[in-house]
Amino acid sequence: MTAPIPGSALSAVRSLRRLIPYFGRYRAGLAWGVLTVLATVGVSLAGPQVIRFAIDDLTAAVTGRKLVLYAAVILAIALVEGILRFLMRRILIGISRDIEFDLRNDLFEKLLTLPRTFSDAHPTGDIMNRCSSDVNAVRMLLGPGVMYSINTAAMFTLALFLMIRINPLLTGLVLLPLPVATFVVYFFSRKIHDYYRSVQEYFSDVSVFLQETFSGIRLLRAYGSLDPRQTRFGEMMEQYVVMNRRLIATWGLFYPAMGLLGGLGGVGILYFGGSLVIAGRISLGSFVAFSIYLAMLAWPMMSAGWVLNLIQRGAASMERLNLIFDAAGVAPAAGPMTPSTGALDLEFRNLTFSYPGAASPVLKAVTVAIPAGSMVGIVGKVGAGKSTLAAVLARVYDPPPGTVMVGGRDVSAIPPGELRRLVAVVPQDPFLFSESIADNIRMGGEDADPESHAAMAGLGVDMESFPDRLATLVGERGITLSGGQKQRVTIARALARRAPIILFDDALSSVDVETEAAIIRNIQSLPGRHTLIVISHRISSIRDADLILAMMDGEIVEAGTHTDLIGRNGLYASLFRKEEIEAELATL
Amino acid sequence: MQLNGGSLEDEIKGRIYDHRLMKRLIPFLRPYRGPLGIALLLILAGAAFELAFPYVTKIAIDTYISKGIDSGLLRLSMVLIGILVLQLIAGFLETWLLQMSGQRIMRDMRNQLFDHLLHLETRYFDRNPVGKTMTRLTSDVDALNELFTSGLISIAGDLCTLLGIIVMLLYLNWQLALVTFTVVPLIFIATEIFRRKVRVSYRLIRAAVSNMNGFLQEYLTGMPVVQLFSQERRAFDKFRAINRQHLDAFQQTIFYYSVFYPMIELVAALAAALILLYGGFQVIGGVLTMGEMVAFLQYSRRFFHPIADMSEKFNIFQSAMAAAERIFTVLDVERENRGPATASLPPPGAASIEFKNVSFSYNSEKPILQDVSFRVGPGERVAIVGATGAGKSTIINLLLRMYRPQSGRILLDGIDIDSYPEGELRRRIGLVSQDIFLFSDTIRANVSLDNPEIGEERVMDGCRGAFIHDFVAEELPGGFGHKLAERGADLSQGQRQLLSFARALAYGHRVLVLDEATSSVDVQTERLIQRGLETLLEGRTALVIAHRLSTIESADRIIVLHKGRIREEGTEAELLERQGLYYRFHILQAAGVA
Ligand SMILES: Nc1ncnc2c1ncn2[C@@H]1O[C@H](COP(=O)(O)OP(=O)(O)OP(=O)(O)O)[C@@H](O)[C@H]1O
Ligand SMILES: Nc1ncnc2c1ncn2[C@@H]1O[C@H](COP(=O)(O)OP(=O)(O)OP(=O)(O)O)[C@@H](O)[C@H]1O
Ligand SMILES: [Mg+2]
Ligand SMILES: [Mg+2]
């Protein structure tokens with residue numbers, strides 16, 4: 001047996017500290033709630049007294065009037081109790097839902113500020129599980145947990161108070177199992193906390209698995225790989241039952257154990273109290289009264305077990321939520337979008353960048369100045385670091401300070417929210433939301449005119465074929481669009497941004513040459529001046545650029561115009577020639 | 001406003017068919033009737049033990065303490081301790097049996113649901129967000145668990161107790177018993193009203209939970225886009241609105257729930273008042289003794305105890321039924337036609353593909369493919385070109401039976417693809433899809449997709465063929481055991497595509513379908529892959545879709561698809577000569593480069 005670690009039980013409760021401000025927000029309601037709980041306890045004790053009194057009275061002399069009177073009293077008390085119970089639940093459980101609402105909002109608000117490094121490390125399914133089932137466990141602690149804690153404590157105190165009044169000595173006897181109970185509580189609490197936490201962690205894995213299975217269902221289906229997936233799910237479910245088994249065994253033993261301890265007190269009373277009565281030390285009447293109150297104590301003991309179970313689960317879940325709350329985030333920029341003021345220049349100064357946890361840098365001493373209003377093409381082999389350069393520019397990943405300058409300012413000093421209004425990115429992996437096409441385009445800018453941006457992005461013809469034109473809803477990730485259509489919607493979205501810097505990350509790869517040419521033409525004729533950066537595997541997209549950068553293994557190995565680079569006969573020239581062969585074939 | 005017709009979403013209104021749902025739930029319980037039955041007995045035993053304690057106390061007082069006899073006290077205490085220990089054991093076993101059965105029932109249910117969902121038509125997944133589909137398997141099943149663990153069995157226990165008490169009441173004094181029972185209709189009415197109201201709320205809750213998960217799934221995966229486009233505020237507002245929906249639905253149930261339970265207590269008080277009045281007048285009339293009435297009053301409280309208890313459970317029941325509705329709605333969605341179980345098929349060899357007058361549309365309004373006919377002979381390599389949105393990927397979807405054409409036939413090796421068992425069809429066609437998907441799993445698992453036939457050697461060979469082997473082996477920290485981030489977020493787009501390519505090569509299917517398989521790959525790497533393919537594809541049939549000329553250069557034949565129709569077909573030279581669509585396409589690209 002290892003000694004219990006105070007840290008674990010303590011830290012569990014410490015994790016709940018974050019909830020204090022939420023309680024503060026609803027303190028008036030909570031106060032009322034506590035009051036109704038106490039009143040309910042009071043009335044529920046008074047009710048039987050009245051009936052007993054009535055019966056005593058009636059036994060003495062039954063009259064019709066008295067009967068009616070007592071019947072009315074019974075109803076009245078029930079009514080008061082009913083109203084109190086109604087208020088108790090309504091107020092306390094209601095508040096727990098309110099806090100749940102606040103908590104979940106805060107959670108999501110926080111998630112919105114977390115950088116890519118966070119989502120790289122924590123898969124979607126895991127975070128979803130935290131937002132649903134862990135928030136729920138915390139809610140159980142806040143609602144029924146709090147309500148029954150107060151109730152239990154009140155019942156316990158009241159019964160104890162009544163018992164002490166009758167006989168302090170016997171009361172002492174009743175409390176004898178208390179130290180043992182404390183140990184039992186401590187032991188079981190810790191176990192429940194730990195086991196519940198691992199159950200939750202495991203279910204996060206299940207959630208991740210499900211999320212990926214359904215996201216990748218088309219792939220699994222195309223490869224006839226549904227069966228292995230199903231086998232794996234079956235194994236996971238089996239394992240989940242096993243994980244739950246420990247938890248169930250623990251709390252399945254916990255309540256009855258608490259009940260046993262409470263009952264032992266009763267046995268003690270019966271034996272020692274009985275002996276005392278026989279010895280004439282206490283009266284039979286007080287003994288009987290005492291045992292009635294003792295029965296009252298049995299329930300709070302059991303319910304204490306239940307409440308503690310809820311608290312431990314809530315605490316374990318709160319720890320899991322704190323992973324999100326404690327992560328370092330960046331506040332999004334507030335305020336309206338400032339209209340762009342002409343093109344901006346940018347500069348990479350000796351930029352060396354590695355991904356967190358990676359051994360070697362992905363970008364090595366990248367140095368290049370891009371004048372405002374120019375068009376820059378970037379080419380290079382797979383994995384050369386092109387997208388990384390784009391990511392660092394928009395601070396999707398933070399570059400070292402002083403290495404990336406936009407309009408003469410260090411991007412590290414520009415809040416990401418503001419920076420992203422200066423740089424409109426068309427990501428390499430097109431992502432659309434399951435909203436209308438128009439709404440997706442409007443993400444670029446609220447005041448955008450989706451029609452014109454869509455037309456500029458070469459969606460004109462396709463638009464006609466959509467059932468509701470731009471109001472057509474797309475599936476998740478744009479699944480109901482063709483590859484090229486998706487890409488062009490993301491282009492329209494970026495154009496709607498009307499940012500001084502536009503960055504295309506291989507954004508025309510799924511578009512046919514004819515459409516591609518049209519889009520490039522449209523963008524070059526955009527009103528106002530833009531700095532345009534085009535990353536591409538197709539030379540045809542960038543050959544007219546003012547500056548072409550060829551990247552290899554994280555370094556810019558060549559820079560210049562098309563003619564310069566062809567003359568240099570290096571990487572660019574060789575890439576070009578591969579395509580040129582095609583061209584020659586074509587003109588045969 | 002819908003591209004694909006309605007989704008299966010969220011019918012909140014509609015009639016409530018509890019018995020029908022129950023009937024469908026029973027089969028899930030059946031395998032566990034043993035443990036559940038024992039648990040029920042234990043509950044009843046527990047109730048009996050509970051009565052034992054006061055009873056023993058009474059004996060102690062009456063026979064020993066009040067008479068001053070010391071000797072029996074110890075024995076009685078021992079008996080009590082014995083009872084307490086029995087209670088502990090019974091309590092533990094009850095929880096254990098119920099909860100473990102609950103867990104196993106959930107496991108069975110999840111397995112069945114998962115199996116069902118995996119085999120739904122692709123269309124289903126076009127319409128239903130991943131997060132919502134997940135909800136069916138996660139929290140909807142969880143909501144049912146409570147029904148199995150604390151709901152059904154304890155309701156059964158309560159019913160038994162109730163029956164016993166009814167008999168007891170009738171036996172004690174049937175007139176008073178009938179007076180007591182007059183309030184029962186009130187309980188039924190209250191329950192019925194509650195049931196109606198609260199069910200709607202619970203349906204709203206389930207819908208809200210589902211919406212929330214749908215939203216979270218989408219926005220968490222799209223978080224980079226949200227942030228890049230400063231959509232934080234808007235996303236938050238949307239989330240808040242869904243969260244608010246969830247809150248409001250719950251506040252409603254809390255209201256009904258808070259009203260309902262005290263209501264039952266009130267009815268109990270009404271019964272007590274009635275007994276007091278009726279019994280009292282009978283006492284006055286000398287028909288009844290006071291003692292009888294008092295005893296009756298006490299027993300009548302017992303009568304309402306299980307009823308109140310059941311009313312508590314009713315909430316669980318309603319919540320579970322709302323979840324069950326959603327689960328069974330999914331289970332009722334028709335599965336994808338998996339084709340015959342077995343079929344006599346030609347042995348896999350170099351295969352031929354044939355489309356015969358195929359017409360297709362995703363939604364009935366707008367035809368995507370019209371009267372498409374073509375043939376790819378064994379060992380032939382055919383390219384499909386055409387503008388974006390022309391319907392190229394759709395042809396692939398049909399070939400893989402992801403969707404079914406409205407008319408026309410598709411043949412693989414001269415046999416209608418409908419005659420292939422599901423696994424068999426897809427075992428013959430290797431696909432590199434335009435939409436790349438990778439799992440947050442090892443490189444190895446991503447290539448083999450857990451197929452035991454694809455061993456380490458084939459994984460490596462596939463990677464070599466896609467020219468990604470050296471990168472994996474040398475650059476990734478864990479080599480082939482390296483665990484990728486979600487969707488392979490820690491790879492470059494081109495690397496992701498190459499890995500998908502490696503998968504198709506590792507599987508080594510007779511037919512290879514490449515849908516823009518190298519669109520994110522530089523020309524140099526593409527060239528290397530193609531050179532390798534020359535030998536790899538020897539004797540295999542290939543269908544290649546690409547916008548890039550270099551990708552399709554080695555095709556034997558080219559099909560030009562335009563707005564869902566085949567407009568040109570022939571060798572490259574023939575098409576160039578014709579000076580049609582392909583010619584234009586070619587010249588444009590050539591002009592861009594030269
Ligand atoms: N799942 C779907 N549901 C409804 N419509 C769809 C679906 N998938 C594609 N479409 C529509 O069908 C048409 C053809 O799409 P398809 O993906 O076949 O085009 P494609 O030729 O592959 O184009 P690209 O070159 O851009 O990939 C498009 O207009 C598209 O919007
Ligand atoms: N989030 C990440 N964490 C760790 N490594 C990463 C991450 N993203 C990319 N890499 C690695 O960094 C290198 C450069 O990737 P990047 O995406 O910049 O390449 P790229 O030039 O855009 O390639 P492609 O042409 O394929 O898009 C690759 O080797 C890749 O595996
Ligand atoms: Mg890239
Ligand atoms: Mg396509």
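Throughout, protein chains are lettered first and strands after them, A, B, ... in sequence-line order, and every chain is numbered starting at 1. What you see is a predicted model, and the numbers here were worked out from it, not measured in a lab.
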B:Tyr219 vs A:Phe108 aromatic rings, parallel, tilted or perpendicular, using cut-offs 30° and 60°?
perpendicular
Contacts of B:Glu475 that satisfy salt bridge (Lys or Arg N to Asp or Glu O under 4.0 Å) - sequence neighbours left out
none
Would you sort out whether A:Arg221 and B:Thr122 count as a side-chain hydrogen bond (donor to acceptor under 3.5 Å, both in side chains), showing the intermediate values?
CA-CA 9 Å; A:Arg221 196 162 280 189; B:Thr122 314; 3.2 Å; yes
So, do B:Asp126 and A:Arg218 sit near enough that their side-chain heavy atoms are less than 4.5 Å apart?
yes
How close do B:Tyr507 and A:Ser225 get, heavy atom to heavy atom, and via which atoms?
OH-OG, 3.5 Å
Quiz question: by atom type and distance under 3.5 Å, do the side chains of A:Gln428 and B:Ser520 form a donor-acceptor pair?
no
Report the distance from atom CZ of A:Arg477 to atom CZ of B:Arg487, rounding to the nearest 0.5 Å.
3.0 Å
Taking only Lys NZ, Arg NE, NH1 and NH2, and the carboxylate oxygens of Asp or Glu, determine whether B:Asp450 and A:Arg232 approach each other closer than 4.0 Å.
yes
Ignoring hydrogens and angles, tell me if any N or O in the side chain of B:Asn243 forms a donor-acceptor pair with the backbone of A:Phe101 under 3.5 Å.
yes
Okay, B:Gln434 and chain A: the region with an atom under 4.5 Å from a heavy atom over there is side chain
Per-residue tally against chain B (heavy atom, under 4.5 Å) across A:Ser482, A:Ala71, A:Ala78, A:Gly484 peaks at A:Ala71
Okay, side chain of A:Glu476, backbone of B:Val130: is any donor-acceptor separation there less than 3.5 Å?
yes
